There are 2 protein chains.
Amino acid sequence: MVLTIREGVLQVLIVKRGTEPYRGRYALPGGFIHHGETAAEAARRELLEETGLDGGSLPLEPISYYDAVDRDPRGRIVTFPFLAVAPDLPIPHSHCDSDAWAATWKPTATLLTDESILAFDHAQILADAVTVARNKLRYTTIATNFCPEEFTISELRAVYEAVWGLELDRANFHRKVKNATEFIVETGNVRPGAEGRLGRPAKLYRAGDGDELSSPILLTLSARRD
Amino acid sequence: MVLTIREGVLQVLIVKRGTEPYRGRYALPGGFIHHGETAAEAARRELLEETGLDGGSLPLEPISYYDAVDRDPRGRIVTFPFLAVAPDLPIPHSHCDSDAWAATWKPTATLLTDESILAFDHAQILADAVTVARNKLRYTTIATNFCPEEFTISELRAVYEAVWGLELDRANFHRKVKNATEFIVETGNVRPGAEGRLGRPAKLYRAGDGDELSSPILLTLSARRD
DNA sequence: GCAAAAGTGTTGTCGTTACACCCATGC
DNA sequence: GCATGGGTGTAACGACAACACTTTTGC
């Protein structure tokens, strides 16, 4: 499943199912693994087929599996979900193929509050994936995957605030991420002062080479009091 | 797979395969999932059948999966490994059933140095599992699973030292684990001074109710200098 | 100048490190 | 007493939360 930040909240890419069971209901994009294909390969193929999104550039991360015997009315089906974290992408075209139509972004909060929106046990799978994402923000550099190529530290902070649902202290966050090795690198550019933005222009950064943070970003990192 | 600490080093329970392919070679215990059975249920069943070990009391934790198309000469086979952490158990009886014979403990270091000892890609699976165990020591209370019902803090420290392969400062380790909430609880007993042990008798503890450590045990926790 | 947002300085607090030291036991 | 291992005290250090402050822009 693909997560992104849109309108300040965590959203997930879902499709309307075009076939039974659960025809017309929303579900996470996916499908059956072909012969001679790994789960990861199948995930990329189905993502492209159902949503038009080319996951070629996105790292897909396997997250557990679901093998309860009664989780699909068609019989014993094991699901291997993958988590991808993407910047705010344009809504992909509907491909109207046999499996799904109308790929769209939806806030995870909505889907997790009303678990009946998603078919199968996909609400549970989404919930687990969000937990994984929340934890990975702590000790990996995955947050930069939510951002475009170049981003400001404030935008990076907005990622943490959206996923964790709290407000962080600008000052301490700024220092922490700048001091973390291989997390972000200055590009030398600054945010173009277009469209009447006020205030001092922010330096632009891109993702560094590191995958893991030496010292984790704390959930309590300078959350303001009032 | 079942990990334990024996003779001061991390060891794993393996079996000699009784059937082709890789007949006579060592492998992690396991087998095929029956119809209407989850991977976890199959793991417990195979563990009992092949090694005589009743995993009923041991928590089995699923760790990833292996689905490369060429990992088994018989064809496309997906493996769902489980990690169990156990105290130093007596070597289980050989059950000599069709699948395996001669269950035995072997140091993980040996099996990881010479990857050809284990059949299939089991050396890789073991390596991944050891990494998981190493990390879980940091932020969970899993270390107590390596210990018997009652244990001393020194024994708990020996677990960390064996799995991490370094020496920790007794004093700081002692304080850290005693302060961690729900990690260990005093039983009121002390180590019976049998078998000519010297020194002050150690208090005995049992595992607390917690699963996660609020502040992680650091890899660098007071490793002595010289 | 004023507002807004970026970015820096500073202080108190708290956890950890690196030891030195004390305690309880067997011999 | 002495060796041995269990357990506690403590000063120096470092990271960080909290918040005040300075800088750079648009209007």
Side-chain angles (χ1 to χ4, degrees), chain A residues 8 138-139 147 150-161 164 166-181 183-205 213-226, chain B residues 8 138-139 147 150-161 164 166-181 183-205 213-226:
Chain A
R138 288 220 301 249
Y139 53 88
C147 298
E150 290 201 326
F151 53 87
T152 67
I153 291 186
S154 285
E155 286 165 351
L156 186 63
R157 181 165 45 83
V159 169
Y160 282 86
E161 293 180 335
W164 286 350
L166 44 78
E167 219 176 321
L168 301 175
D169 183 285
R170 285 187 303 111
N172 294 329
F173 184 85
H174 192 275
R175 255 181 304 242
K176 183 93 187 202
V177 299
K178 278 201 76 166
N179 290 344
T181 53
F183 190 9
I184 57 174
V185 251
E186 249 176 82
T187 62
N189 305 328
V190 293
R191 151 115 319 149
E195 55 185 295
R197 267 187 68 271
L198 254 61
R200 177 173 174 176
K203 291 178 187 164
L204 287 169
Y205 299 82
L213 295 171
S214 47
S215 69
I217 307 283
L218 300 176
L219 266 160
T220 58
L221 185 67
S222 333
R224 295 302 286 237
R225 266 185 195 153
D226 74 328
Chain B
R138 288 220 300 248
Y139 54 87
C147 298
E150 290 201 324
F151 53 88
T152 68
I153 290 186
S154 284
E155 287 166 349
L156 186 62
R157 181 166 44 84
V159 169
Y160 281 88
E161 293 180 335
W164 287 349
L166 44 78
E167 218 175 323
L168 301 175
D169 182 284
R170 283 188 304 110
N172 294 330
F173 183 85
H174 194 276
R175 254 183 305 247
K176 181 94 188 199
V177 299
K178 278 201 76 168
N179 290 345
T181 53
F183 190 8
I184 57 174
V185 255
E186 251 176 79
T187 63
N189 305 328
V190 293
R191 152 116 319 151
E195 56 183 295
R197 268 187 68 269
L198 257 65
R200 175 176 173 174
K203 290 179 187 161
L204 287 169
Y205 298 81
L213 295 172
S214 47
S215 70
I217 306 283
L218 301 175
L219 267 160
T220 58
L221 186 68
S222 333
R224 295 301 288 237
R225 266 184 195 151
D226 72 324

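Note on naming: letters A, B, ... go to the chains in the order of the sequence lines (proteins, then strands), and numbering restarts at 1 for each one. All values derive from a computational prediction rather than experimental measurement.
- Regarding A:Phe173, its CZ atom lies at a distance of 13 Å from the P atom of D:dC16, rounded to whole Å.
- Put simply, NZ on A:Lys178 is 17 Å from P on D:dC16, counting in whole angstrom units.
- A:Leu166 contributes atom CG, which lies 7.5 Å from atom CD of A:Glu161 (distance to the nearest 0.5 angstrom).
- One can place CD of A:Glu155 at 11 Å from P of C:dG7, the figure rounded to the nearest angstrom.
- Using a 4.0 Å heavy-atom cutoff across all strands shown, B:Thr152 reaches no nucleic acid atom at all.
- By the salt bridge (charged side-chain N to carboxylate O under 4.0 Å, His left out) test, B:Glu150 pairs with no residue at all, sequence neighbours left out.
- Distance NZ (A:Lys176) to C1' (D:dG14): 12 Å, rounded to an integer number of Å.
- The CG atom of B:Asn172 sits 14 Å away from the C1' atom of C:dC21 (whole-angstrom rounding).
- Closest-nucleotide positions on DNA chain D for B:Arg157 and A:Gly199 were compared, and the one nearer the 5' end corresponds to B:Arg157.
- Between A:Asp169 atom CG and C:dA6 atom P there is a gap of 13 Å when expressed in whole angstrom units.
- A straight line from CZ of B:Arg200 to C1' of C:dC22 spans 9 Å, rounded to a whole angstrom.
- Look at CZ on A:Arg175: it is 15 Å from P on C:dA6, rounded to the nearest Å.
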